Amino acid sequence: MIRYTIEKRINLTDKQHPKFYPKIVRATTMTFEQVAELLQKRTTMTQSEVKAFLLALGDAVQHYVTNSCVVEVEGLGIFTPTIHAKAVDDLGDLTAKTILSKSVNYRPTSKMNKRFQETKFTKANLDVSHL
């Protein structure tokens, strides 16, 4: 269940009249240890084996993505290397130096998206009287 609260913000199309929007109340960030502990409970692996596997999975994704590969992790998503570069008029001016930023794009799998779409939302019991 995902909790949300209400936030009052300026509407870009009507700056004179702020609007109310739902905002997800994020729970705590789960640590590597907590994720490993949950996975250990749901598999036949020991917690040490789970940790080793997660570290190896992260290393494998990094290895392939930094070698121009798209990586799909079933049930999780697709990791794609991306760049943003400065446009140039002359082909000879196009070099690695024209790349302004590089990052990794993540797209969740359809299974994860479906699960998220089926997730129920509930209004958090927080004081919004100041709005």
Side-chain angles (χ1 to χ4, degrees):
M1 180 99 42
I2 295 178
R3 297 180 331 138
Y4 69 92
T5 188
I6 298 167
E7 180 178 79
K8 188 175 184 180
R9 291 188 304 201
I10 301 286
N11 185 326
L12 295 177
T13 58
D14 183 6
K15 294 182 181 183
Q16 298 299 318
H17 300 96
K19 303 287 184 186
F20 295 97
Y21 296 89
K23 180 180 178 182
I24 289 177
V25 177
R26 291 193 179 110
T28 186
T29 299
M30 303 311 294
T31 66
F32 181 76
E33 293 288 328
Q34 291 167 312
V35 172
E37 184 178 326
L38 179 64
L39 289 173
Q40 183 265 320
K41 290 177 182 175
R42 294 184 176 189
T43 67
T44 59
M45 292 190 286
T46 67
Q47 195 165 359
S48 296
E49 291 170 328
V50 169
K51 289 178 184 179
F53 173 78
L54 288 173
L55 290 171
L57 175 62
D59 186 57
V61 170
Q62 291 174 40
H63 169 79
Y64 285 119
V65 168
T66 58
N67 283 284
S68 298
C69 298
V70 174
V71 179
E72 181 175 357
V73 179
E74 188 173 331
L76 189 59
I78 299 168
F79 299 84
T80 309
T82 63
I83 59 172
H84 175 71
K86 181 173 78 172
V88 295
D89 293 322
D90 195 286
L91 180 61
D93 293 334
L94 188 63
T95 67
K97 291 181 181 179
T98 59
I99 297 172
L100 303 174
S101 66
K102 44 201 166 196
S103 63
V104 178
N105 182 33
Y106 165 74
R107 287 182 316 214
T109 61
S110 57
K111 182 178 179 180
M112 182 178 277
N113 270 331
K114 184 176 188 257
R115 186 168 180 178
F116 187 77
Q117 294 305 316
E118 293 170 351
T119 299
K120 298 201 181 325
F121 286 76
T122 184
K123 189 174 176 187
N125 191 13
L126 300 174
D127 179 21
V128 292
S129 61
H130 62 283
L131 300 176

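Everything quoted here is computed from the prediction, not taken from an experiment. The basis for the numbers below is simple: all heavy atoms, side chains too, and nothing from hydrogens, waters or symmetry mates.
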Legend entry - Listed partners of E74 passing salt bridge (charged side-chain N to carboxylate O under 4.0 Å, His left out), at least two apart: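 E74: no salt bridge (charged side-chain N to carboxylate O under 4.0 Å, His left out) contacts found.
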
Legend entry - For K19, all residues meeting salt bridge (charged side-chain N to carboxylate O under 4.0 Å, His left out), sequence neighbours excluded: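 Salt bridge (charged side-chain N to carboxylate O under 4.0 Å, His left out) check on K19 returns nothing, list empty.
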
How close do [X] and [Y] get, heavy atom to heavy atom, and via which atoms?
X: T43; Y: V50; result: OG1-CG2, 4.2 Å
X: T122; Y: M1; result: CG2-CG, 3.5 Å
X: A36; Y: K51; result: CB-CG, 3.7 Å
X: I6; Y: F20; result: CG2-CD2, 3.8 Å

Using residues 77-85 as the side-chain source, report each donor-acceptor pair under 3.5 Å to any protein atom, sequence neighbours left out, with the distance given to one decimal.
| from | atom 1 | to | atom 2 | distance (Å) |
| --- | --- | --- | --- | --- |
| T82 | OG1 | S103 | O | 3.3 |
| T82 | OG1 | S103 | OG | 2.9 |

Inset, instruction - Check side chain to side chain contact (heavy atoms under 4.5 Å, CB included) between I2 and all other residues, then give those that pass, not counting sequence neighbours. - result: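 In terms of side chain to side chain contact (heavy atoms under 4.5 Å, CB included), with neighbours along the sequence ignored, I2 is linked to I24, F116, T119, F121.
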
Would [X] and [Y] show up in the same hydrophobic cluster when neighbours are defined by side-chain heavy atoms closer than 4.5 Å?
X: M45; Y: L38; result: no
X: M112; Y: L57; result: yes
X: M30; Y: L55; result: yes
X: V65; Y: V73; result: yes

Inset, instruction - For residues 21-41, pull every pair meeting ring pair (Phe, Tyr, Trp, His ring centres under 6.0 Å), keeping only residues two or more places apart or in separate chains. - result: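 Counting only pairs at least two positions apart or across chains, no ring pair (Phe, Tyr, Trp, His ring centres under 6.0 Å) contact touches residues 21-41.
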
Are [X] and [Y] close enough that some pair of their side-chain heavy atoms sits under 4.5 Å apart?
X: K41; Y: E37; result: yes
X: R3; Y: N125; result: no
X: L54; Y: L39; result: yes
X: Q47; Y: E33; result: yes

Legend entry - Contacts of type side chain to side chain donor-acceptor pair (under 3.5 Å), residue E49, not counting sequence neighbours: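 Once residues adjacent in sequence are excluded, the partners of E49 under the side chain to side chain donor-acceptor pair (under 3.5 Å) criterion are T46.
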
Inset, instruction - Can you establish whether the number of heavy atoms outside D14 located under 6.0 Å from its atom CG is more than 12? - result: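 Enclosed: over 12 neighbouring heavy atoms sit under 6.0 Å from CG of D14.
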
Legend entry - Main-chain N/O of G92 paired to D90 side chain as donor or acceptor, under 3.5 Å: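 Judged by distance alone, yes, a pair lies under 3.5 Å.
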
Inset, instruction - Please round to the nearest 0.5 Å and tell me the distance separating atom CG of L94 and atom NZ of K86. - result: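 The distance works out to 10.5 Å.
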
Legend entry - Spacing of OH belonging to Y4 relative to NZ belonging to K23, to within rounding of 0.5 Å: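 Y4 OH to K23 NZ: 15.0 Å, rounded to 0.5 Å.
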
